[in-house]
**Q** 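Structure in structure tokens, see below.
Chain letters run A, B, ... following the sequence lines, proteins first and then strands; every chain starts at 1.
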There are 2 protein chains.
Amino acid sequence: MIPDDVVSPLPSQRALGDLVTDVLREMITGGRFQPGQHLKETELADALKVSRGPIRQALARLEEEGHVELRRHRGAFVSTLTRTDVEEVHTLRGAIERLAAGRACTRMQDAGFAEMDAVLEQMKSVDTKIDPEDAVRLDLQFHDIIYAYCDHGRVQRVWESIRGQVTVFLRARNASFPDFLEVGYSEHKELRDALALGDPQAAQDGIDKHILGAYERLKRLNLPDR
Amino acid sequence: MIPDDVVSPLPSQRALGDLVTDVLREMITGGRFQPGQHLKETELADALKVSRGPIRQALARLEEEGHVELRRHRGAFVSTLTRTDVEEVHTLRGAIERLAAGRACTRMQDAGFAEMDAVLEQMKSVDTKIDPEDAVRLDLQFHDIIYAYCDHGRVQRVWESIRGQVTVFLRARNASFPDFLEVGYSEHKELRDALALGDPQAAQDGIDKHILGAYERLKRLNLPDR
DNA sequence: CAATGGGTAACTGTTTACAATCTACAGTGA
DNA sequence: TCACTGTAGATTGTAAACAGTTACCCATTG
């Protein structure tokens, strides 16, 4: 057996459509496209040097994730973020993360909590340095751990389907309320301690509280109603 | 303005891929394919008289719904139902239907409850006639109403993504436990009354109880572990 | 000036064909 | 028996072309 380090870092033959999906998702969540902008298949195909096939596959997936709106015979348009979207994403997230946490708290064991503590440790230092993008990354990483340990493929998929939009919200929040960076650590530490009890009910209550807090802050953002 | 009732019910130009998705989903849930069967794109394309494009779109969607497994460069295989699938589908369903019911109970109003009562009325008569397929249809119709009135596009989509598998489970249950047909009405009536209180907490508790009951029965089915 | 209607351009939806790539499986040799 | 190799079959990726729609412009009409 040849160790992984020696051979080529595996060409990672993912489907081209999946790569395109990631690239476009990053471009949209990163603000490289304007909300409402018309994304044309042929333009994207030319720009990314692929054919229309993988582009269509990517757009279909991004539509499911809520990043673009597909109008028949019109094409794909970058979604505009509304108050309704924030509400839907957060209530749905609350529902599935509640389930995920209830399961994860009895499955994480030492390894899971060690991962979590590593993230928390970094959050603590972010509190002093204050780099908004780091805060977003760590916030997501923390919750990714819960989903990873809940051992529930379907919940994981639903999370992945809204994760991109959660990212957008977190970025918007940090841009509007930079002071929030200071409470990131304590809120997640509290949630971690609730999970550590190993009691599904306590874990679910912890999530309810955590997500509700995040939602209350987001509601203060100035967004169009729909 | 011409009222909708007078004009043609619009030819509803759906995409071919969507039609193919529905056809294949029905064929899979209806048992026309064997679990594990290898579905080849070209075969399906020939059989349905469409090109590979819509077929691929359909298979990608059915994979997200859990009806087929897509293996890279191998193709699509009809999923085998396992105990794990039953557990995942029901816990996820419990989580989102809890949310949906909490919202729906304050939005259904008279019209919604009228729809529900119409379904309940049919359930009562099924109890005497006992046609398993009718029981499945009515069970789904009842819960569809909750999702329709919860006014939450994303929850609706998640429901649609597991609805097909729930259908499979219900059919399997009726095949194994025909006696269940007798309790269908009373259990749903109980849930309807919980919703009618208009209290989100009561509605959520009603769902917890209802889904848990359904799950307990399904667990008695004899299914492979994975 | 507003409403109507024709015409056009642009884009998506679909089909077809072909090249490239990968998997599984059988066969080969040690 | 085991590991390797080669090949056939199937899928994915790409490309090109056509059909169907949609939006938009603009002249016409009242």
Side-chain angles (χ1 to χ4, degrees), chain A residues 1-4 6-25 27-28 33-65 67-80, chain B residues 1-2 7-24 28 33-64 67-80:
Chain A
M1 185 57 174
I2 301 178
D4 283 353
V6 198
V7 294
S8 64
L10 61 129
S12 117
Q13 286 300 19
R14 302 179 55 205
L16 203 45
D18 291 342
L19 289 176
V20 173
T21 306
D22 290 343
V23 170
L24 290 182
R25 186 194 297 112
M27 292 180 81
I28 292 173
F33 294 130
Q34 294 299 317
Q37 184 173 345
H38 188 177
L39 302 182
K40 297 160 196 167
E41 291 185 358
T42 47
E43 275 185 17
L44 294 174
D46 290 346
L48 298 179
K49 308 291 181 198
V50 298
S51 66
R52 274 175 60 202
I55 298 286
R56 287 180 65 99
Q57 185 184 329
L59 290 177
R61 193 156 310 176
L62 291 176
E63 195 241 344
E64 286 174 5
E65 296 181 16
H67 293 302
V68 303
E69 186 183 346
L70 250 42
R71 279 183 256 172
R72 186 172 167 77
H73 281 118
R74 290 300 324 283
F77 296 82
V78 178
S79 295
T80 308
Chain B
M1 185 60 173
I2 302 177
V7 295
S8 65
L10 44 143
S12 115
Q13 288 294 18
R14 302 181 57 206
L16 204 44
D18 292 341
L19 290 176
V20 173
T21 306
D22 290 343
V23 171
L24 290 182
I28 292 174
F33 293 131
Q34 295 299 317
Q37 183 174 345
H38 190 174
L39 302 182
K40 296 160 195 167
E41 292 188 357
T42 47
E43 274 185 16
L44 294 174
D46 290 345
L48 297 179
K49 307 292 182 199
V50 298
S51 65
R52 272 176 51 212
I55 298 287
R56 293 190 57 160
Q57 185 185 329
L59 290 177
R61 194 157 309 177
L62 292 176
E63 194 240 346
E64 286 173 7
H67 293 302
V68 303
E69 187 182 345
L70 249 43
R71 278 184 256 172
R72 187 170 166 73
H73 282 118
R74 290 301 326 283
F77 296 81
V78 178
S79 295
T80 309

**Q** Nearest-nucleotide wise, let me know which of R74(A) and L39(B) is further upstream toward the 5' end of DNA chain D.
**A** L39(B)
**Q** So, is R72(B) close to the dT23(C) phosphate, meaning a side-chain N or O under 4.0 Å from OP1 or OP2?
**A** no
**Q** For the pair H38(B) (side chain) and R74(B) (backbone), establish whether a donor and an acceptor sit closer than 3.5 Å, ignoring hydrogens and angles.
**A** yes
**Q** Could you check which of dC22(C), dT22(D), dA10(D) has an atom nearest any side-chain atom of H73(B)?
**A** dC22(C)
**Q** Would you indicate whether the side-chain heavy atoms of I55(B) and L39(B) approach each other to under 4.5 Å?
**A** no
**Q** Just the rounded figure in Å: distance from P of dT14(D) to CD of E41(A).
**A** 14 Å
**Q** I would like to know whether V20(B) and Q57(B) meet side chain to side chain contact (heavy atoms under 4.5 Å, CB included); could you show each step before the answer?
**A** CA-CA 9 Å; V20(B) 173; Q57(B) 185 185 329; over 6 Å; no
**Q** Just the rounded figure in Å: distance from C1' of dT11(D) to CG of D18(A).
**A** 15 Å
**Q** For R52(A), answer base if it contacts any base atom (sugar-phosphate contacts may also be present), sugar-phosphate if it contacts only those atoms, and nothing otherwise; contact means non-hydrogen atoms under 4.0 Å.
**A** base
**Q** Taking the minimum atom-to-atom distance to the side chain of R56(A), which one of dG13(C), dT12(D), dT15(C) wins?
**A** dG13(C)
**Q** Picking from dA15(D), dA10(D), dT15(C), which would you name as closest to the side chain of H38(B)?
**A** dA10(D)
**Q** When you measure from the side chain of A15(B), which nucleotide among dT14(C), dT11(D), dT14(D) comes out closest?
**A** dT14(C)
**Q** What integer distance in Å separates L44(B):CG from dT12(D):P?
**A** 12 Å
**Q** May I ask you to say what G53(A) touches in the nucleic acid, namely base, sugar-phosphate or nothing, with a heavy-atom cut-off under 4.0 Å?
**A** nothing
**Q** In whole angstrom, what separates I55(A)'s CD1 from dT12(C)'s P?
**A** 11 Å
**Q** What integer distance in Å separates Q57(A):CD from dG13(D):P?
**A** 7 Å
